[in-house]
Amino acid sequence: MSDYWSAAIAPYWPDMRNVLEEEILVRGRALVTGGADMLLQNLGGRIRWERPDLNVPHQTDMDWPLTDSCLIIVPVLFARGNTRIFSAVHDTAAFSYQAQGAAVLGGPPRDESEQHDQVRPRDKLTALLGPGRTSVLRALLSPTTTTGVANSLGLAPSTVSQHLAGLTSAGLVRRHRVGARVLYELEDFGVVLLGELGD
């Protein structure tokens, strides 16, 4: 196991950990701001929340009443959209689901020039903000950190920080601290701008 860890996991562990930590922060924020309904409705995949039932259609053989019980939700990196339910033990049930940011681990990061080469020629938002700031703005459809944006776009964290500073001063993005981490998310004006000029 030690050899496997060193060869297959250790080189990627910082990125993997960032993805999982950001997933927990985003889900925790949804729970605090919108309650359990918002948290469960936005998990996506094959999970369907229809109060008071949490349904996973492809596992119809399982039927557990969880009144006054503990439900553990486990984000994972290699689920590929599948959900796994663990047995209910001692009034506790758990299920795993694909973390949203897991896609950033799908291949080697691209450099900034490659990102710019792929900009669509009639992209009005890119014409207004430039390719770098546009890609950063689009990466904030869910709250994330500077490192998370950098990993998802294949850009240097210092480059992302500069773009975030400009977008924040323009009123398109806001930042807030959650524990030791700083999350960035779209301001209402940023959402409107993406809706009007973005795809």
I want to check something: taking the side chain as every heavy atom from C-beta on, are [X] and [Y] in contact at a cut-off of under 4.5 Å?
X	Y	result
L164	L140	yes
H163	L137	no
R175	L183	no
V182	H176	no
T168	L172	no

List the residues meeting side chain to side chain contact (heavy atoms under 4.5 Å, CB included) with [X], not counting sequence neighbours, and say none if there are none.
X	value
S169	none
S161	T146
T147	N18, T145, N151
L31	A36, L39

_All side-chain hydrogen bond (donor to acceptor under 3.5 Å, both in side chains) counterparts of E187, not counting sequence neighbours_ =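 With sequence neighbours excluded, E187 shows a side-chain hydrogen bond (donor to acceptor under 3.5 Å, both in side chains) to R174, given in chain and number order.
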_Contacts of type side-chain hydrogen bond (donor to acceptor under 3.5 Å, both in side chains), residue T144, not counting sequence neighbours_ =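 Scan of T144 (side-chain hydrogen bond (donor to acceptor under 3.5 Å, both in side chains), adjacent residues dropped) gives E22.
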*asked:* To check you understand the geometry: which heavy-atom pair defines the closest contact between P75 and L20, and what is its length?
replied: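 Answer, listing the atom of P75 first, then L20: O-CD2, 3.6 Å.
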_Once salt bridge (Lys or Arg N to Asp or Glu O under 4.0 Å) is applied, do any residues pair with R17, and if so which ones, sequence neighbours excluded?_
E21
